[in-house]
Student: 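Let me give you the structure first, and then I'll get to my questions.
Atoms within each ligand, like the ligands themselves, are counted from 1 in listed order. Numbering starts at 1 and runs along the sequence shown.
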Amino acid sequence: MGNFIFHGCDAAELAREFGTPLYVMSEDEAIDRIRAVKSCFDDSYERCRTHFASKSFLSRDMLGIIESEGLGLDVVSGGELYLARDEGFPPEKIAFHGNSKTDSEIRDALEYRIGKFVCDSLQEIAAIGGIARAVGARAKILIRVNPGVEGNTHRHMLTSGGRTKFGIRSSEIADAVSLCMGLENIELGGFHFHVGSQLMDNSAHLAALDVLLGLIKRLKVELGFDTEVLDMGGGFGVAYTDLDKPAPIDEFIRPMVGRVCEFCASNGIFRPDLIIEPGRFIAGPSGITLYTVCSVKEVPGVAIYAGVDGGFPDNPRPALYEAKYDAVIADKFGEPRTETVTIAGKCCESGDILIRDIALPHVERGNIIAVLCTGAYNHSMASNYNKNPVPAVVAIRGGVPRVSVRRQTYADIFACDSPKT
Ligand SMILES: *Cc1c(COP(=O)(O)O)cnc(C)c1O
């Protein structure tokens, strides 16, 4: 029957050569997806920029791809900024997001002269203004608006609406704009919204866009403020299983751009620069994770548990979001799926279940399981729980695999401990 081939590489062979658990990223797929989203956006509007949400997957190699493909970079922490800076990523193309930036993160970002901060509260605007004045810099900012719209996704992936921690409510935006206008070291470029993640269509984006466009018009009339930049966030969904039916990317983007153009034309408003920030759309389907089956245990009337050598530490998403995945047995690819199996992680947590009740061929100890669509928010969320090392990332380019991020060693895990006293 043969083995599962992922972008030109035999997955069972990769497992043998590089060990498991193993993240495998197809750089070809990532580049194809970058070009698909970027060209769709570029073709539909004259002044737009696509940023990659680096929190979805970040490595030195990925940063190189993002730069060479001409994307901007969203960071949400000093750690992500550190790598961008270490690799000399163009600072003017970096946007710093997040609802809780520290003084030292703000200082580092100003020192590197990043393109913009996306501000999440009036207090943060004032803090950035103060630090910018102290270091003699001018901070360019966007204000993150909470448009009050809820997308249809897991509640832990919602980032807009009445209960979210993110953004400034529409009713406070005029105050925020006035605050910016009074701060010498703050240059307000415009507004940002991000309604949520893993959305199957753009209905929430369009509803949010209507709120933002209304706001832009009101600020023009009431404060004479011209919005130069409108950032419409990310959240474009991918198919983890057959049950997910995300709209094609152009069906997300074109109607959004269309709405902006119509509104600006019919209200006599200057057309802002537009930004989108895909993360999962680019990284998710570009990656898989390989595991070795260490135990097969049948609990009669309950499940056949196939225990693997990874789980929660390399993929906490099932536990966090009840995320569903699809998988194949890489060394039994194409064999009839005759068993219903629950793929269990190795952590001492009952919640450490990667996939519940999936149909697979007969599973045995030593088989290689490939969990699909793990390129986003898996490596970037990895932990050392139960002192498991973070797996290596093997990158595939043109059918040729290479180690892109080496596997953590046990010594790495304890490298920060002081010698015992
Ligand atoms: C996480 C995030 C994104 C990317 O979301 P995806 O669902 O991965 O596309 C974009 N913008 C902001 C502000 C985010 O926090």
Student: Quick one: ring pair (Phe, Tyr, Trp, His ring centres under 6.0 Å) pairs with a partner in residues 230-267, sequence neighbours left out?
Tutor: His205-Phe236, His205-Phe252, Phe236-Phe252, Tyr240-Tyr325
Student: With a 4.0 Å cut-off, would you call Glu92 and Arg113 a salt bridge?
Tutor: no
Student: Does anything in residues 245-270 form a salt bridge (Lys or Arg N to Asp or Glu O under 4.0 Å)? List the pairs, not counting sequence neighbours.
Tutor: Asp210-Arg259
Student: Between ligand 1 and the protein, give all atom pairs where both partners are nitrogen or oxygen and the distance is under 3.5 Å, as lines of names plus distance to 0.1 Å.
Tutor:
from: ligand 1; atom 1: 7 (O); to: Ser197; atom 2: OG; distance (Å): 2.3
from: ligand 1; atom 1: 7 (O); to: Gly235; atom 2: N; distance (Å): 3.4
from: ligand 1; atom 1: 8 (O); to: Arg280; atom 2: N; distance (Å): 2.8
from: ligand 1; atom 1: 8 (O); to: Tyr377; atom 2: OH; distance (Å): 2.6
from: ligand 1; atom 1: 9 (O); to: Gly235; atom 2: N; distance (Å): 2.8
from: ligand 1; atom 1: 9 (O); to: Gly279; atom 2: N; distance (Å): 3.0
from: ligand 1; atom 1: 11 (N); to: Glu277; atom 2: OE1; distance (Å): 2.8
from: ligand 1; atom 1: 15 (O); to: Lys55; atom 2: NZ; distance (Å): 2.7

Student: Name every donor-acceptor pair, under 3.5 Å, that has one atom in a side chain of residues 170-195 and the other anywhere in the protein, sequence neighbours excluded.
Tutor:
from: Ser178; atom 1: OG; to: Ala174; atom 2: O; distance (Å): 3.0
from: Asn185; atom 1: ND2; to: Ala137; atom 2: O; distance (Å): 2.9
from: Glu187; atom 1: OE1; to: Arg138; atom 2: NE; distance (Å): 3.1
from: His192; atom 1: NE2; to: Glu277; atom 2: OE1; distance (Å): 2.9
from: His194; atom 1: ND1; to: Gly234; atom 2: N; distance (Å): 3.1

Student: Can we say Arg60 and Asp86 salt-bridge, meaning some charged N sits less than 4.0 Å from an Asp/Glu carboxylate O?
Tutor: yes
Student: Looking only at side-chain N and O atoms, does Thr241 offer a donor or acceptor that is under 3.5 Å from a partner on Asp326?
Tutor: no
